[in-house]
Every structure is written in C-alpha cells, then in structure tokens.
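The structure under discussion appears below in the form of structure tokens.
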Amino acid sequence: MGLALLGCVGALKELRCLLGLYFGILLLLFAMQITLGILISTQRTRLERRVKDIVMETIQRYHAHPEESAAEESWDYVQFQLRCCGWNSPRDWFSVPSLSSNDSEVHRVPCSCYNSSASNDSAIFEKLSFPQFSRLGPLARPRHSTDLCLVPANSDIYSEGCARSLQKWLHNNLISIVGICLGVGLLELSFMTLSIFLCRNLDQVYDRLARYL
C-alpha cells in the first residue's frame, strides 16, 4: 500500500524524485524475486533438508513450553488441513517426550492427526485447543485450555506423512503458483515501464514550459 501510494502521489503531482524512488523500489523487489526463484530452484535439496530439520525440531519440542506454542499450533493446523501426521509418518511422534506415556506399548499423537472421516466419532474435536481450528467449522471448536489433546496411535489417524502430502499439494497447484508469480512479475515490469515513460514525458513538459516562460 505504501509503494502504491508513493507511485500515485508521484504521478499525480508529477514529481520525478517520487517516480524514481517508486521505480527503484519496484526494480529491487523484482530483482529479489528473481534471485529467490533461482535460489529455490538451485538449492531445492538444501531447502527441503532445512524445512525438515525445522519441522522435526518443532515435533520434538511439542508442548515442551506451553506459553510458546505458536509453532506447534501452526504445525497442528498444517496436519489438519493436509490430512497428514508427522513429517515422514506418524512414527515421528512416538519419540516425543511430552507425548510419552507410562505404558511403553501405547503411543500417542496429537488430535490434529485424527482422521474424522474414517470414524463416526467426531467428539474428539471438542477437545481441540488450537485457535486456528476455530474458523474450520463446528467440528473444530477450540476449548480454552492448555491441556494436551492426544489420541492413541492405533486409532483412526492419518497414515501419510506431511512431506508427501505437501509434495502432492505443490504438484497439484504448481500451474497456479507459477501463473501468480508470472502475473505479479509482469505487473511489476509494466509499472516500472510506465513510471519511466512518465518521467521522460515530464522532461518534455518542463522544456515546453521553459520556452514559454
């Protein structure tokens, strides 16, 4: 909004300094986007490894500090939306200290792994304490509590890891993502061209005014 306001004021008031600043910021953003795209395409393996490390660290520290649960809630939201559990598989949750039980043979996973479509029992979602789920409908009403919401790993949970689900989502939406990126890039190029064209026309206008004066 600030950048758009800068361009509008520069065009309406015919101020070359604002138009030049508008062009420079747009050029910088465009160069950053191209650089980011190149880095993502060339460093994809390293990026995937880094994302995996962050997710696994989030899983291992799940609910270790209830007052700092933003990352955990975000990951619960990802699992709920993508219908997946863990990064590679639900087994990623089995070694989490906060989810371990006295009975070593019973493994538990967060309620966001619960597959409600595989069971008629939707009462489990009444126990969810994730604020992000409040906008997903009546089956995801949050409770105002800091208690853990867990389900047994041998119950109806998603068996697929989120890494595979995320790859499927990116594959299915690749055309849309590329189209949006190209559209934004073309808009930026067109705005930069218009700002330069306006700056050049301002020179001609000022020359004509100088002749009359």
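In what follows, residues are counted from 1 in the order of the sequence shown. This one's a predicted model, so the numbers in the text were calculated from it and none came from an experiment.
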Full working for side-chain contact (heavy atoms from CB on, under 4.5 Å) between W87 and W75: CA-CA 10 Å; W87 179 251; W75 183 242; 3.8 Å; yes
Test side-chain contact (heavy atoms from CB on, under 4.5 Å) applied to S155 and I157, step by step: CA-CA 6 Å; S155 60; I157 63 173; 3.8 Å; yes
Can L15 and Y22 be said to form a side-chain contact (heavy atoms from CB on, under 4.5 Å), step by step? CA-CA 11 Å; L15 299 175; Y22 177 74; over 6 Å; no
Decide side-chain contact (heavy atoms from CB on, under 4.5 Å) for D92 and M56; before the verdict, give the C-alpha distance in whole Å, the side-chain angles of both, and the deciding distance to 0.1 Å. CA-CA 8 Å; D92 294 336; M56 295 302 296; 4.1 Å; yes
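Hydrophobic clustering (side-chain heavy atoms under 4.5 Å, transitive across Ile, Leu, Val, Met, Phe, Trp, Tyr) keeps I54 apart from V78. Linking Ile, Leu, Val, Met, Phe, Trp and Tyr whenever their side-chain heavy atoms come within less than 4.5 Å puts L189 and I38 in one cluster. Note: the hydrophobic cluster containing L187 also contains I25 (ILVMFWY, side chain heavy atoms under 4.5 Å, direct or indirect links). Cluster annotation: L3 is connected to I34 through the hydrophobic network of ILVMFWY side chains, with a link wherever side-chain heavy atoms come within less than 4.5 Å. Note: the hydrophobic cluster containing I180 does not contain L29 (ILVMFWY, side chain heavy atoms under 4.5 Å, direct or indirect links).
Expressed to the nearest 0.5 Å, how far NZ of K168 lies from SG of C84 amounts to 10.5 Å. Here CG of L21 is found 8.0 Å from SG of C17. Values are rounded to the nearest 0.5 Å. Taken to the nearest 0.5 Å, the CD atom of E73 stands 11.0 Å off from the OG atom of S112. Rounding to the nearest 0.5 Å gives a distance of 12.0 Å between NE2 of H171 and CD1 of I177. Expressed to the nearest 0.5 Å, how far OG1 of T193 lies from CG of L186 amounts to 10.5 Å. Here the CZ atom belonging to F80 is positioned 6.5 Å from the OH atom belonging to Y158, to the nearest 0.5 angstrom.
Taking both residues in full, the closest heavy atoms of V96 and Q60 are given as CG1-O, 4.0 Å, listed atom of the first, atom of the second, then distance. Annotation for P110 and V151: closest pair O-CG2, 3.9 Å, computed over non-hydrogen atoms. The heavy-atom pair separating R108 from L150 by the smallest distance is CZ-CD1, 3.5 Å.
In this structure, F94 and H107 have parallel ring planes: the angle between them is below the 30° cut-off, well short of the 60° mark.
For the pair E160/R83, no side-chain contact is recorded, criterion being any heavy-atom separation below 4.5 Å from C-beta on. Looking at R61 and P97, their side chains never come closer than 4.5 Å, going by heavy atoms from C-beta outward.
C85 does not pair with C162 as a disulfide, the SG atoms being 2.5 Å or more apart.
A donor-acceptor distance shorter than 3.5 angstrom exists from the side chain of S98 to the backbone of Y62, with no hydrogens or angles considered.
S165 and Q79 are not linked by any side-chain donor-acceptor pair at a separation below 3.5 angstrom, with hydrogens and angles left out of the test.
Taking a 6.0 Å sphere around CD1 of I175, one finds it holds 12 or fewer heavy atoms contributed by other residues, nucleotides or ligands.
With respect to K52 and E48, no salt bridge is recorded, no charged nitrogen being found less than 4.0 Å from a carboxylate O.
Between L19 and the options L6, V9, I196, L198, a side chain to side chain contact (heavy atoms under 4.5 Å, CB included) holds for only L198. The residue from T35, L36, L28 that alone fulfils the side chain to side chain contact (heavy atoms under 4.5 Å, CB included) condition with M32 is L28.
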